[in-house]
Every structure is written in structure tokens, then in C-alpha cells.
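Residues: numbered from 1 along the sequence shown.
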Amino acid sequence: MMCFIAVFSLLWWSGTKPAMSPRFRTSGNLVITREIDVAKNQSFWFINKKSTTQKVVEEQVAALNIQVGNLCQFLPQDKVGEFAKLSKIELLEATEKSIGPPEMHKYHCELKNFREKEKQLETSCKEKTEYLEKMIQRNERYKQDVERFYERKRHLDLIEMLEAKRPWVEYENVRQEYEEVKLARDQAKDEVRKLKEGQIPITRRIEETERQRHNLEARIREKATDIKETSQKCKQKQDVIERKDKHIEELQQALTVKQNEEHDRQRRISNTRKMIEDLQNELKTKENCENLQPEIDAITNDLRRVQDEKALCEGEIIDKRRERETLEKEKKSVDDHIVRFDNLMNQKEDKLRQRYRDTYDAVLWLRNNRDKFKQRVFEPIMLTINMKDNKNAKYIENHIPSNDLRAFVFESQEDMEVFLKEVRDHKKLRVNAVIAPKSSYADKAPSRPLNELKQYGFFSYLRELFDAPDPVMSYLCCQYHIHEVPVGTERTRERIERVIQETRLKQIYTAEEKFVMKTSFYSNKVISSNTSLKVAQFLTVTVDLEQRRHLEEQLKEINRKLQAVESGLIALRETNKHLEHKDNELRQKKKELLERKTKKRQLEQKISSKLGSLKLMEQDTCNLEEEERKASTKIKEINVQKAKLVTELTELLKICTSLHIQKVDLILHNTTVISEKNKLESDYMAAASQLRLTEQHFIELDESRQRLLQKCKELMKRARQVCNLGAEQTVPQEYQTQVPTIPNGHNSSPPMAFQDLPNTLDEIDALLTEERSRASCFTGLNPTVVEEYTKREEEIEQLTEELKIKKVELDKYRENISQVKERWLNPLKELVEKINEKFSNFFSSMQCAGEIDLHTENEEDYDKYGIRIRVKFRSSTQLHELTPHHQSGGERSVSTMLYLMALQELNRCPFRVVDEINQGMDPINERRVFEMVVNTACKENTSQYFFITPKLLQNLPYNEKMTVLFVYNGPHMLEPNRWNLKAFQRRRRRITFTQPSQ
């Protein structure tokens, strides 16, 4: 049996001996032995030569805080890279296990577990909260339907109660009406008896007053007859007096009229004499009128001549107006043609604006600033060229690049620089500009006449397909040789190989393709390539510029003619105005001469007429004094007669007044009697009427009482039927108390009791109509929704309670986290601070920089806490985190070793093992690290330190507390029983002593 025995003795750099388990406590060290049977693939464990199990060994090792898998305690050579690859989280965990208090790692694990539970609870609470909110929202959506359902049920219950109460209300109303009618009938019967007894004394008094009235009326009639006779006599006397007054007035008016007529006649005679005198004086001053006729004839001739000239002038004005109207119609027609051309140009400009906005803006600027240029500047080529046939636009657009189609063409380099400076530099517009050749190419003949190419189907060169200004055409011929590129048809495409071989043209176009031919420099063969033609976009709009120029010239000619016609019209109007003025002057002169000629004859006739009138007025004379005397005598006679009549009238008036007074007294007495009689009759009639009405009312009330009694019986019977009551039963209890119709928690008005319902039919009918209308509004309600809503309400209540429990549990976990965190984090920060202090000191002694810190992105994520190592080996760099990629292998080894050294004094492990950590270090760093290891590991109260290495530098410092063990191995090694270290040392000393003498 082959056995491998591994013995681990806790010896190297001396330090504090480890504590041992009580079970295996001895006076020496704890020795663990493992025997491996390779053949049987078994292991046997021994502690201090006593057999044991692997589990007990693991317990003893754990009790000594020995962690074989912790790289902070056992670091083999092949794990140095892995140590650098340790994440911050893993490094923290290893450090906690290695040097932290026993409970630190436990607290950390608890925190992570608590945090995980907290997250789970938070997630659970969040999910339950979201689910609860969804349930609440869903119930909120159906809440209105549920409330509407219960609201409808409440309305239906109320309708049922109203329908049950209505017959009782009808019965009660009729019963009350019956009682009222019965009481009123008894009252009416008593009233009829009283009215009959009160009519007898009234009848006697009426008969007595009637006799008094007859006597008084007879006496009044007698007085009325006397008054009538006397009044007739007074009226006759008054009529006579009025006639006398009227006669006097007529005499006075006749005298006044005669006086006025005489005064008026004298005035008219005076005026007529004065007028005759004035007319005679005027007649004397008038000249002889026989010499005015020649002057009148001359003016008539001049007037006729002026009228002829005026008629001729007006005819010319009419002709001019007709000519102007004709020219204006021609102008409108030409303008319309030009507008149509401009619309086509606008289409081209719109396409330019939509595709190349900067170029369009530059065109607008050019049109407003042409005065800044010395020579002609042409707008973009796509605007200046005009296709003769828009079907051929595709050839031009495929031949000329779009950059040149939108380029401005200049005749002067200086003008182009001014333009580009303004447009490109100042306005920041992206535009293209080209210069036309100084010598024109526009009319340059093609190298081969078109007639020679027609046999191949060519019908034109590109140049002949469109019109353009000479500089633009010259530039295109010079730059793109449009005068050398023929355009063919499908026939050309069919014989394209023959065309290429025989014509030796460089570029040709067929109906739908472009062919480009090149000759190879090596083989002298013709190489052709063809591309399909793109559809034309810009040049499809055709504008005949020559016709437009012709129309503009025609418009200028029409405007010139219009201006000439207008000038002629103005001159003719002035001439006509002058002739009109002259005609008016001649007519006025002729009128004045004619008036002067007829004036004398008119004056003589007026004088003769006035003299006749004067003679008639002088013959019509009147004697006013005689007329006044006669009128005065007649008026005196009439006044005497009038005085006698007035005296007689006064006597009659006195008699009439006395009779009137007597009649009035009798009338007043009679009126009193009549009034008394009327009052008695009125009282009697009122009593009789009241008696009839009362008797009728009594009969009606008695009939109504019988009818209401019968109706009460019928209504009582129907009300009991509605409520399912027997003959002796009262209103059931459920109609007297409140009836709940809607579960608690739903918005609704409180249920109504039977006695709380309206007590009048109108109110009940109104409420019934209202409730039925409201109930009919609640359509489409599903009882299933109510059941689901109720179940969901219960589920919401249950979820709310569960969520409350979860939140309490979550608060409890948070409280535990807070307590454990305080017990874990503060000691951990102090521990990391101590490690950082030692680590920084170690790096400072090497003229480098390093630091350790506790790193986390979120303070609450305890599983993300870690120890971050940052180092700097060169002064020109910044601190960088220790990673397998940023530092070299030697720098990682130094950093790892110094971190382990920083843990040395804080280590609770009995020993630590480092294997070949110095491999990869440069000699300087290796020496510095070794010195630090020696100084740190040889201090008091530190754990033992095993440093395994295949080689060491010379002249390293050693300490007396150090033990060096040499492991010899190899194919030429001595047998163990022949091994004698002391003999080897003596031989070495002899070799050393003999070398100098040699």
C-alpha cells in the first residue's frame, strides 16, 4: 500500500501559538496528519496521532479560524492573479473572515438576508399595493353601476310602497270629504229654515213704500209740466234776442267791408299811377332798336359755325374712345398670355424652392440687387433654359448634374465674387456659381453633321432640344459638349453595337438609356457603359421665351398707342370745352339783343293796360259817411227792441227757477222712498236667492253624501285588497316602519317609512311619476356586476389586512436591519480604516501611493459592499483600482503582498501561508516587500507567517525570530538516510577558506 503522509507543523516565523480545542489539548502544538491511500482512493485523518474524521478536523480548523480557501490567509502562487481578480465584494468577505471579529461576517450575512427579505417584502407590498389599487380602480369603475343598481332598487321599493299607500290615501280623502259634506248638509238644513222665517216682515214694508212712491211721482209729473211750459217761453225770448244781436253784427260787418274796400281802392289807384309814370320814363330812355338786326344775324352765323366745329370734335372724341377700348382689350389679352407664361415660370420656381431653398432665396436676392453687378448675371440654369418639347427634359437633366442646373451663370469673375461674398458669406446660403467662357461656344458646329447620324435613329443634338441665353448655352457647350451629344430613339437602341463601332461617339442617348464609350489605352478597344435615364423633375415645364419677349414688345407698343390716344383725347376735350364756352357766350349775346329789341313794345302795352285799370278804379266811388249814418240808425232801433225782450225773459226765468226748486224737493223725497224700497226688495231677493241656493245646496250635499259613502266603501275594499288585509285587519307592520333597501356603504338617500310618505294624492302621483321616471333611467344594469363588486369589496378588505401585516413585518425587518447595520458597519469602517492606514504606510515607504476604502453604490445594498484597493506606482499617474488589466503582474504581486501585510497585525488566524508571491517582482520591489514582511511578521502578538519561495535575493535582512527551511528535491538528490546537513556546512566552510590561498 502506497501512502502519502502530510504533516502540517505550525512553525516558521515565531508568534503566538494557536489556541487548541479542549478535546485535543496537549502540552505541544496541534498536529493534523492525513494519510492518503492511492490504491483505495481513501484518506485517514489524525490529530496528535489520534485517529479522527474529516468533519472533526474541519471543526478544529474552524475553531482556530483557519480558512484554507480564504486568499487573505492562504495565497498559493497560482492564486495571485485570482486575488487581483477578486471583486470588491469578495475581498470584503475574505477580509471579514480573516481578521474581523467572529460576529462581523455573521452580521454581514444577516444584513444581506434581511435586505433580501426586505426586498422581497417590498416587492410583495408593492405587488399587493398595485393589485389592491387595480381592484379598487376596478371597483371604482363599477361603483357607479352598483350604486345605480341599488338606487334603482330603492326607487322600485319606494314605488311599491307608494302604490300600496295610494288606495289608503284615496280612502282617507274620500272619508274626510264625506264627513265634511255631511256636516255641511246639516248646516244647510238649519239655514233654509231661518231664511224662510226672515222673509215675512220684509214683504209688508215693501208694499207700504210702494204706495208712497206712487203719490210722489204724480206730484213730480205736474211740476215737470209747468217747468216745461215756462222753459219754452224763455227759449222763445232768447231766440229773438239772439236774432237781434246777429242783425247788429251783420250791419257792423257790412260797414267795415265798405270802409276796407274804399281804402284799398285808393291805394291801388296811387300804385297804378306810380307804375305808369315809371314805365313812361323807361320808354323815353330806350334807344332806337332798328340797327340791332345785323348784329343779331352776325352772332347767329358765328353760333352756327361753332356748333358745327363742336359736333366734329365730339365725333373725334367718340372715335378716340372706341380706339382706346380696342387697345385696352388687346392689352388685357396680352397680359393674360404673359400671366400664363409667368405661371409656368412660377411652377419652375416652386420646384426650385421646394428642392433647393437656399438657391431660391439667392434668386430673390439677385432680382432685388441686379444694380450691384457690372455685367449680366443669369439665374440658375434650370430657370433660364426652356425645353422646346418637355418630353426631352429627361436627357438634359441626366446629362447636366443637378449642381450645375442650380448654378448661377456670370460673365464676370468680379461679379461672381461679389455675389458669393454676399450670398455665401453673409447670408450663409449654399449656392453654386459658374463663369461663362469668354469666347462663345453657343454656335459651335458639331464635329459630325446630324444628317450622317440619322441613319442610326438620331434625331437631334442635346443643344437643339432647348433654348437658353448665349452665355448659358456657351457654358453648357464648353463644359458638357451638348453640341456633340446626339439623342436617338428605340431604333438607336436596337442597333447600339453598330452605332458604337461605327460612329466612335463618346456619349449618346437612346429613348431610355445613356451610353458612355471609352477607348482602352492598352487594347484600343471601345468599352461602353449604359445607365437608365431618370425621370425629369425640373425641366418638364416649357416656356416659349421668344413668344414671351414678342408679347412684351407687343404690350409696350399697345401701351404707347394707349398713351397717344389718351393725349389726343385730352386735347380734344380741351377743344370741345373751349367751343362749349364760346357757344354759351354767343347764345347769351343773342339773347340780350333779342330782349333789347322787344323791350319798347312791351313797355307801350304795359302803359296802355295800366291806364285802363286806373280809369275803372276812379269810376268805382263810395260815400262812407252816408253809409255810417244809416248803419248807426238801424242799430239803435234794434237795441230798444232787445231791452224790452230781456225784461220779459228775466221774469220767466224767476218763475222757472221756483218750479225747479219745488220739483227737486219732491224728487229727493221720492228718491229716499225708492231707495228704501229697493233696499227692501234687494234684501228680499237676496234672502229668496239665498233660500233657493241653500235648498239646492242642501239637495246637492245630500246626494254627494250618499255618493261619497258608497265610494268610501269601495275604496276601503280596494285598499284592503292591495295590502292583502282581511275585513278586521289594520295596516301591516312593514308599511309602518322603515324598510332598508340599499346595503350600508353606498351613497343614497335614507329609506322612507310608510307614514313618512306623502299624504296627498297629488304628491303621491307626482312622486310615483318621478320615481318611475328615475327607475326607467337605470337601464342595462346587471345583478352579476353587483355580486362581483361585493366579492371584490371583501377581497379588497382581505388584501388591505394582508398588506397591513406585510408592512408591519417590513417595518420589523427594517428595524432589525438598522440594529444589525449599526453593529456591523461601524466596526467594519474602523477595521477598514486601520487596514488603509497600514496599507498607505507600506506604499509610502516604497515611494508609491495606495489606499483602501469601503465602497458601495447604494448604502442599503449590503450585498454590494466591498473593499476597493487603489494604487499608484508612478507619480505621473492617478490612483487606479487594482484590476487584472490595469497593473502589471509585479505590481499586482506587490499590492497583494502589502495588503496581506496590512492584515498581519489584525489577523486572528494562527498562521498565514504565501506561496511564491515574489515571483514577477523586480528586485527593488522584492527587497522592499521582503523587508516589510520581516519587520511585520517578527513583531510581538502577530500570527505565524509561512513564506514559500523557490529563490531569494542576496543580502536580504533576516531576524533571529525567523526560521528558514530548505526543501531539496530533484533526480540527483541523496537518499534521506544519507542526508547530513552539518557535513554539508563543514564542507562549504572548507571550500570558502581554501579559495583565497589558491
Once rounded to the nearest 0.5 Å, what's the spacing between atom CZ of R870 and atom CG of N836?
9.5 Å
For a side-chain contact (heavy atoms from CB on, under 4.5 Å) with F408, tell me which candidate from T359, N432, V434, V423 qualifies.
T359
Tell me the closest heavy-atom pair linking S43 and I36, and the distance in Å.
OG-CG1, 4.1 Å
Residues H880, V871; criterion side-chain contact (heavy atoms from CB on, under 4.5 Å); working and verdict
CA-CA 6 Å; H880 289 285; V871 297; 5.9 Å; no
Give a yes or no on whether R430 atom CZ has more than 12 heavy-atom contacts from other residues, nucleotides or ligands under 6.0 Å away.
no
If you look at every heavy atom in R406 and N403, which pair is closest and at what distance?
NH2-OD1, 3.0 Å
Between D358, L429, V431, which is the residue that forms a side-chain contact (heavy atoms from CB on, under 4.5 Å) with R424?
V431
Ignoring hydrogens, what is the shortest heavy-atom contact between V56 and T52? Give both atom names and the distance.
CB-OG1, 3.2 Å
Crowding at CD, E797 (>12 non-hydrogen neighbours, <6.0 Å)
no
Quick one: pull up OG1 in T53 and CZ in F44 and give me the separation to the nearest 0.5 Å.
13.0 Å
About how many Å separate CG of D361 and CZ of R353, when rounded to the nearest 0.5 Å?
10.0 Å
Are I805 and V808 side-chain neighbours, meaning at least one heavy-atom pair lies under 4.5 Å?
no
Take atom NZ in K872; do more than 12 heavy atoms of anything else shown fall under 6.0 Å from it?
yes
Counting neighbours of CD on Q878 that are heavy atoms of other residues, nucleotides or ligands and sit closer than 6.0 Å, is the number greater than 12?
no
For R355 and Q537, does a side-chain donor sit closer than 3.5 Å to a side-chain acceptor?
yes
From S51 OG over to W45 CH2, what is the distance, rounded to the nearest 0.5 angstrom?
12.0 Å
Distance col, row C125:SG vs K804:NZ, nearest 0.5 angstrom, shows 13.5 Å
With side-chain contact (heavy atoms from CB on, under 4.5 Å) as the criterion, how do V31 and I47 come out once you've worked through the C-alpha distance, each side chain's angles and the decisive distance to 0.1 Å?
CA-CA 6 Å; V31 179; I47 297 179; over 6 Å; no
What is the minimum heavy-atom distance between Y958 and M962, and which atoms define it?
CD2-CE, 3.5 Å
Would you compute the distance between atom CD1 of I89 and atom OH of Y865 and round it to the nearest 0.5 angstrom?
12.0 Å
Do you know which two heavy atoms are closest between L420 and A433, and how far apart they sit?
CD2-CB, 4.0 Å
Kindly indicate, with the supporting measurements, whether the criterion side-chain contact (heavy atoms from CB on, under 4.5 Å) is fulfilled by L854 and K829.
CA-CA 7 Å; L854 186 63; K829 288 182 178 178; 4.1 Å; yes
On a heavy-atom basis, the closest approach of S840 and G850 is OG-O, 2.9 Å
A quick test of your reading: do over 12 heavy atoms of other residues, nucleotides or ligands sit less than 6.0 Å from CG of D425?
yes
